[in-house]
Amino acid sequence: VDEENAFNRIERRVAVERCLKAGGAIGALGRLAHAELSPRAPMYLGGALAAFSSSNGGRQGQPIFPSVFAVATLPEIADVDAKLAPLGGGARAFFDDQYIFGPPLEVLQALDQFGIDIAARRNGRLRPDKCVAYSPELGSSVLHRPELQHLVRTITDAQGRRVQTLNGVPVSPEGFECRGVPLGRRPYVQLEVNDKVDAMCNTIHTVQHALAPTHLHALHALLRYCLAPLPDFLAANAYPTDTRDALGRFDEALGACVKATHGSGGDIVASDSLAQRRLRLPARRKGLGIRSRVDIADAAFMGSACAALPKMLNRGPLAGYLTALEPIFGAGAFDDANALRRFDGLLSRQGHLPLAIELRGAWTRLQQDYTATAGAAPTSGPL
């Protein structure tokens, strides 16, 4: 949500009054603000008192003003939050970085009312053309929702491009920046994953070159217990399609280090398919436990999802973290009686929701791997 010159437009009288009205420590802030900022201040031009005065805005660098601004802009954000909360939505703000979320039509209606309120109450001005709308589930297809057709408009942006909007708000198919993090933009995630995995590969190379000449046993111990697990957090918490290529590079670095741990016999081990299979087997099956991170990425992701998702909704006496997601998962999705169907509601959105697509893909690949190994399809599982 974008307000035009938010710090400069806000009416200082309203800002001070809202601080005073809050009472307590914030009330004391209001008294200090009245003394330092002054609801109406004289202006001087060329050393002479001007015929007009200043009653709006403040300096972002002035120590007191950001706090006053945050208090002064809270009521309108709180109104939007209260209006959307019953629908699973809400509103949040970090000074003049403001965000509204919820069902598309209701969010646009709340944004309209927000613009009216800030103009009437504190001299604010909403800039719909500078706002950005994003739907993680629908992307740009949100423009084709029947209930939103009367709000679809085409405008010309500052670069002269024709842009489709919802009630004047441009729709982004790839997300937007939230406090510096590009939400919904997969290239950003992939870049971060690549950077982190490249750093892990450099760590492997550094350890290998330091220990391979003289300490092969120490190198093997570090490889198995310290170096090999480095990307497991990424594999468990990022989508497999975002990590697979990077984990492939990590496996190559891991393989080169394993080869070095066998000294002069490294080439023989690297070229022997049976030795490679034994190398990749878990220790519980008499292997060396140097697992391919590409091979275990689907299992890591599924395990993380199956552990985390049930905690999102209320289950009996257990309070969930994000109960607003119940429409996506389905009522009672994680009750014990629904163990075999607990992801049905989520997967029904496979055509739009990235999480549903990734879950189905990972589980399908795991089933195929199991069938190839056991000779029969699994009879149960998380999906």
Side-chain angles (χ1 to χ4, degrees), residues 1-2 92-95 97-101 131-140 142 170-208 222-223 225-257 290-309 311-312 321-322 325 328 346 349-350 352-366:
V1 175
D2 187 86
R92 299 291 185 271
F94 186 85
F95 297 114
D97 287 343
Q98 301 165 336
Y99 306 91
I100 300 175
F101 55 95
C131 299
V132 178
Y134 169 61
S135 172
E137 181 178 357
L138 299 174
S140 57
V142 70
V171 175
S172 169
E174 298 182 345
F176 58 87
E177 285 198 7
C178 176
R179 299 298 307 138
V181 176
L183 293 182
R185 294 181 179 173
R186 301 197 82 162
Y188 170 80
V189 175
Q190 292 162 350
L191 180 64
E192 283 292 298
V193 169
N194 287 333
D195 286 348
K196 290 181 183 300
V197 171
D198 286 346
M200 296 172 191
C201 292
N202 288 336
T203 300
I204 292 177
H205 296 323
T206 300
V207 173
Q208 174 186 331
L222 283 173
L223 180 65
Y225 295 107
C226 301
L227 299 176
L230 284 175
D232 288 358
F233 179 82
L234 290 176
N237 293 282
Y239 291 151
T241 52
D242 291 332
T243 61
R244 190 168 290 112
D245 290 345
L247 292 178
R249 295 200 308 279
F250 182 85
D251 279 351
E252 290 176 3
L254 212 57
C257 193
I290 309 296
R291 311 294 302 277
S292 163
R293 265 43 205 179
V294 171
D295 290 348
I296 66 173
D298 287 329
F301 176 72
M302 285 301 306
S304 177
C306 291
L309 294 180
K311 294 179 171 60
M312 298 298 174
Y321 292 106
L322 293 172
L325 294 176
I328 291 179
L346 174 63
R349 296 167 176 254
Q350 188 179 345
H352 302 295
L353 202 60
L355 176 59
I357 297 170
E358 296 287 344
L359 277 175
R360 174 62 74 188
W363 179 235
T364 299
R365 290 189 293 272
L366 287 173

How long is the gap from OG1 on T203 to CZ on F250, to the nearest 0.5 Å?
-> 9.0 Å
P240 versus E358, closest heavy-atom pair with distance | CD-OE1, 3.3 Å
Report the residue from V193, D195, N194 that forms a side-chain contact (heavy atoms from CB on, under 4.5 Å) with V197.
-> V193
Spacing of Q208 atom CD and H205 atom NE2 [to the nearest 0.5 Å] = 7.5 Å
Indicate the atoms forming the closest heavy-atom contact of C131 with D2, along with that distance.
-> SG-N, 3.2 Å
To the nearest 0.5 Å, atom CD of Q190 lies from atom OG1 of T243 at 9.5 Å
Please tell me if the side chains of V132 and P170 come closer than 4.5 Å, counting only heavy atoms from C-beta onward.
-> no
Could you tell me which non-hydrogen atom of L346 sits nearest to which non-hydrogen atom of A356, and how far apart they are?
-> O-CB, 3.4 Å
Measure the SG-CG distance between C201 and L230 for me, rounded to the nearest 0.5 Å.
-> 9.5 Å
Can you tell me how far the CG atom of L234 sits from the CE atom of M200, to the nearest 0.5 Å?
-> 4.5 Å
Heavy-atom nearest pair, R186 first then D242, reads NH2-OD2, 3.2 Å
Search all heavy atoms of L355 against all heavy atoms of Y239 and return the closest pair with its distance.
-> N-OH, 3.4 Å
Backbone of A300 reached by a side-chain donor or acceptor of S304 within 3.5 Å = no
Could you walk me through whether L359 and L309 pass the side-chain contact (heavy atoms from CB on, under 4.5 Å) check?
-> CA-CA 11 Å; L359 277 175; L309 294 180; 4.1 Å; yes
salt_bridge(D298, R244) N-O dist < 4.0 Å | yes
Of all heavy-atom pairs linking R293 and P229, the shortest is NH2-CA, 3.6 Å
Got a second to check how far I290's CD1 is from L254's CG, nearest 0.5 Å?
-> 6.0 Å
